[in-house]
Number of protein chains: 2
Amino acid sequence: MATYSEIQDWLRAGIREGRWRAGDRLPSEAELCAQFQVSRMTVNRALRELQQLGLVRREQGRGSFVAELTRVAARLELRDLHASASERGHHHASEVLALRRESASAEVAHALGLRAGAPVFFCRLLHREQGEPLQIESRWVLPAAAPDFLAQDFRARTPTAYLLDVAPLTAAQFQIEAVAADAEQAGLLGINPGAPCLLVQRLTHGAMGPVSWARLLHPGGRYVLQGSFQP
Amino acid sequence: MATYSEIQDWLRAGIREGRWRAGDRLPSEAELCAQFQVSRMTVNRALRELQQLGLVRREQGRGSFVAELTRVAARLELRDLHASASERGHHHASEVLALRRESASAEVAHALGLRAGAPVFFCRLLHREQGEPLQIESRWVLPAAAPDFLAQDFRARTPTAYLLDVAPLTAAQFQIEAVAADAEQAGLLGINPGAPCLLVQRLTHGAMGPVSWARLLHPGGRYVLQGSFQP
DNA sequence: CAGTGGTCTAGACCACTAC
DNA sequence: TAGTGGTCTAGACCACTGA
């Protein structure tokens with residue numbers, strides 16, 4: 001007798017220890033049923049989930065095989081700064097530099113799917129972790145998606161956390177690039193003008209469509225994105 | 001009668017169309033069984049897989065709920081440059097700047113889990129896409145993992161593709177940051193010294209342990225990492 | 001207590017693969 | 001043809017939740 005997760009553990013251990021190498025055939029469902037004294041449904045679930053994780057490749061009529069990794073992939077998470085600082089036991093503070101209604105520039109209008117000049121809410125915050133400037137957040141919000149946006153106190157709750165509440169996410173896109181800080185940004189972040197920064201641009205969608213477009217600028221030396229892939 | 005994926009499609013459609021909002025309770029397994037005239041195992045699988053995808057949250061004794069997204073996450077893939085250029089129909093070329101045996105510096109030894117001074121293979125390549133410099137690849141390889149590394153022609157096949165062949169990946173870690181180009185890097189990439197670059201550092205493991213450590217430097221304006229999240 | 005999900009069984013029929 | 005995985009059934013027992 002065994003459970004599906006025990007069978008998974010046994011297979012993972014065998015793969016990790018090199019008992020089966022990438023591309024090798026694993027025992028068939030029937031063999032695992034006999035070995036672990038379980039029904040086929042149980043074995044099937046164990047193998048199917050390993051397949052969903054990318055660790056195993058299954059082929060009808062042929063068998064189950066250890067998957068070959070052809071790309072380095074990982075789940076990258078871009079999280080609320082306040083929550084991630086708290087998890088590390090760090091202190092996080094936000095300074096509100098701007099909070100107002102604006103007319104959408106061509107760039108903002110394009111990102112949010114509006115016509116240029118349409119009214120949007122805008123905020124600009126400087127985030128500090130342990131007292132050190134870590135991010136300039138520039139954010140444009142569709143008024144229809146968060147009508148009370150301008151009345152919030154973003155020192156108490158970040159725009160990210162507020163928007164998650166009022167307009168739950170259904171989809172998001174981001175892009176990450178390296179840019180040079182301009183003079184104003186450099187002053188806020190306490191770095192030299194032209195210094196390298198990591199720019200994360202993020203568009204979030206709610207059930208009704210686009211909600212918010214954010215440009216998050218981080219000083220190069222102080223902010224690193226990390227990820228890992230462990231099958 | 002229905003299949004598990006038809007039930008999933010029906011639930012996803014309801015969530016997408018706002019029939020259930022984030023946090024709402026979905027029909028119970030028993031209700032779905034009755035509605036679709038299927039056994040509980042089928043409904044269970046449909047819901048369990050939606051849970052694994054992060055679209056649904058399930059609680060024993062309470063029910064199944066539409067998940068609230070609390071983080072923007074996406075599968076980020078760091079791929080072989082040649083393969084990704086080919087997919088876009090672009091031309092990719094590599095220039096081999098160095099290919100030799102070295103003694104591991106403290107930094108390299110630490111990354112690969114060696115003692116400082118241990119022999120490692122090293123290569124340095126300049127990758128161009130459509131003729132424009134796109135990446136400086138500096139890579140250190142554990143000789144035991146790829147004994148013939150120094151005999152390869154990396155203009156024909158990138159080190160990434162070669163290593164995937166001889167030492168299949170089992171795990172990887174990466175980190176991404178913004179740095180300034182030094183004079184030599186700037187010369188190779190055709191940018192100004194001090195210009196912002198995206199630096200991706202990547203450590204790959206095979207079945208036997210660490211295989212290779214790579215530092216991939218991209219000119220800021222020409223290289224953007226993108227990702228999206230669609231439940 | 002009734003209702004929920006978590007897991008497992010011992011079958012079944014099917015499509016596909018390889019010989 | 002024998003063996004493989006893909007899917008489904010009609011039950012079962014359990015742990016947990018909330019009234």
Side-chain angles (χ1 to χ4, degrees), chain A residues 1-16 19-70 168 231, chain B residues 1-16 19-70 168 231:
Chain A
M1 296 301 175
T3 66
Y4 77 95
S5 57
E6 287 164 355
I7 300 170
Q8 286 177 342
D9 290 344
W10 183 78
L11 290 167
R12 301 180 87 117
I15 292 170
R16 191 176 51 246
R19 176 166 169 189
W20 304 287
R21 301 304 199 83
D24 287 357
R25 227 196 91 178
L26 294 166
S28 71
E29 294 191 351
E31 287 165 339
L32 291 169
C33 288
Q35 174 175 345
F36 286 95
Q37 289 293 298
V38 295
S39 73
R40 213 190 120 204
M41 275 301 274
T42 303
V43 164
N44 181 273
R45 177 175 173 185
L47 283 165
R48 182 159 29 83
E49 289 189 0
L50 291 180
Q51 178 184 35
Q52 285 161 350
L53 290 172
L55 193 54
V56 164
R57 169 172 52 83
R58 311 190 73 196
E59 291 179 39
Q60 195 172 63
R62 303 224 309 132
S64 301
F65 305 84
V66 179
E68 301 91 353
L69 301 185
T70 60
Chain B
M1 297 300 176
T3 66
Y4 77 96
S5 57
E6 287 165 354
I7 300 170
Q8 286 178 340
D9 290 345
W10 184 77
L11 291 167
R12 302 180 86 119
I15 292 169
R16 190 177 53 245
R19 175 165 169 189
W20 303 287
R21 301 304 199 85
D24 287 358
R25 228 197 90 178
L26 294 167
S28 71
E29 294 191 351
E31 289 165 339
L32 290 169
C33 288
Q35 175 176 344
F36 287 95
Q37 289 294 297
V38 295
S39 73
R40 213 190 120 206
M41 275 300 274
T42 302
V43 165
N44 181 273
R45 176 173 174 185
L47 283 166
R48 181 158 31 80
E49 290 189 359
L50 291 179
Q51 178 184 35
Q52 286 160 350
L53 289 172
L55 195 53
V56 163
R57 169 172 51 84
R58 311 190 74 195
E59 292 180 39
Q60 196 173 65
R62 302 224 310 130
S64 301
F65 305 84
V66 179
E68 302 90 354
L69 300 186
T70 61

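Quick note on labels: first sequence line is chain A, next is B, and so on, each numbered from 1. Reckoned from all heavy atoms, side chains included, excluding hydrogens, waters and symmetry mates.
Nearest to the side chain of A/S64, among C/dC8, D/dG5, C/dG5, sits D/dG5. Across D/dG5, C/dT9, D/dT9, the shortest atom-to-atom separation from the side chain of B/S39 is found for D/dT9. Comparing D/dT9, C/dT4, D/dG6 by their closest approach to the side chain of A/Q60 singles out D/dG6. Listed candidates were D/dT4, C/dC13, C/dT9. Nearest to the side chain of A/S28 is D/dT4.
Considering only side-chain N and O atoms, A/Y4 lies nowhere under 4.0 angstrom from the phosphate OP1 or OP2 of C/dC8. Close to D/dG5, at under 4.0 Å from its OP1 or OP2, lies no side-chain N or O of A/R40. Remark: B/R62 is in phosphate contact with D/dG18, judged by side-chain N or O atoms under 4.0 Å from OP1 or OP2. One finds a side-chain N or O of A/T42 lying less than 4.0 angstrom from the OP1 or OP2 phosphate oxygen of C/dT9.
Taking atom CD of residue B/E29 and atom C1' of nucleotide C/dG6, one finds them 8 Å apart after rounding to whole Å. In this structure, B/R58 places its CZ atom 8 Å from C1' of C/dG6, rounding to the nearest Å. Remark: C1' of C/dG6 and CD of B/Q52 are 13 Å apart, rounded to the nearest angstrom. For A/L32 and D/dT4, the CG to P distance is 10 Å, given to the nearest whole Å. Spacing between atom CG of A/N44 and atom P of C/dT7 amounts to 15 Å, rounded to whole angstrom units. As a whole-Å value, the separation of A/L47 CG from C/dC8 P is 14 Å. In this structure, CD of A/E6 is placed 12 Å from C1' of C/dT7, rounded to the nearest angstrom. Counting to the nearest Å, the C1' atom of D/dT4 and the CE atom of A/M41 are 17 Å from each other.
Once rounded to the nearest 0.5 Å, the distance linking CZ of B/R45 with CD of B/E29 reads 14.0 Å.
No more than 12 heavy-atom neighbours from other residues, nucleotides or ligands sit within 6.0 angstrom of CZ on A/R21.
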**Request:** Begin with the C-alpha distance, continue with both residues' side-chain angles, and end with the deciding distance and a verdict on side chain to side chain contact (heavy atoms under 4.5 Å, CB included) for A/T42 and A/T3.
**Result:** CA-CA 7 Å; A/T42 303; A/T3 66; 5.9 Å; no
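Under the 3.5 Å distance criterion, the side-chain polar atoms of B/Q51 are left unmatched by any main-chain donor or acceptor of B/V56.
Note on A/R57: nothing from the nucleic acid sits closer than 4.0 angstrom, heavy atoms only.
Judged by distance alone with a 3.5 Å cut-off, no donor-acceptor contact links the side chain of A/R45 to the base of C/dG6.
Mapping A/G61 and A/R48 onto DNA chain D by nearest heavy atom places A/G61 at the nucleotide closer to the 5' end.
With contacts defined as side-chain heavy-atom distances shorter than 4.5 Å, the pair B/W20/B/L26 qualifies.
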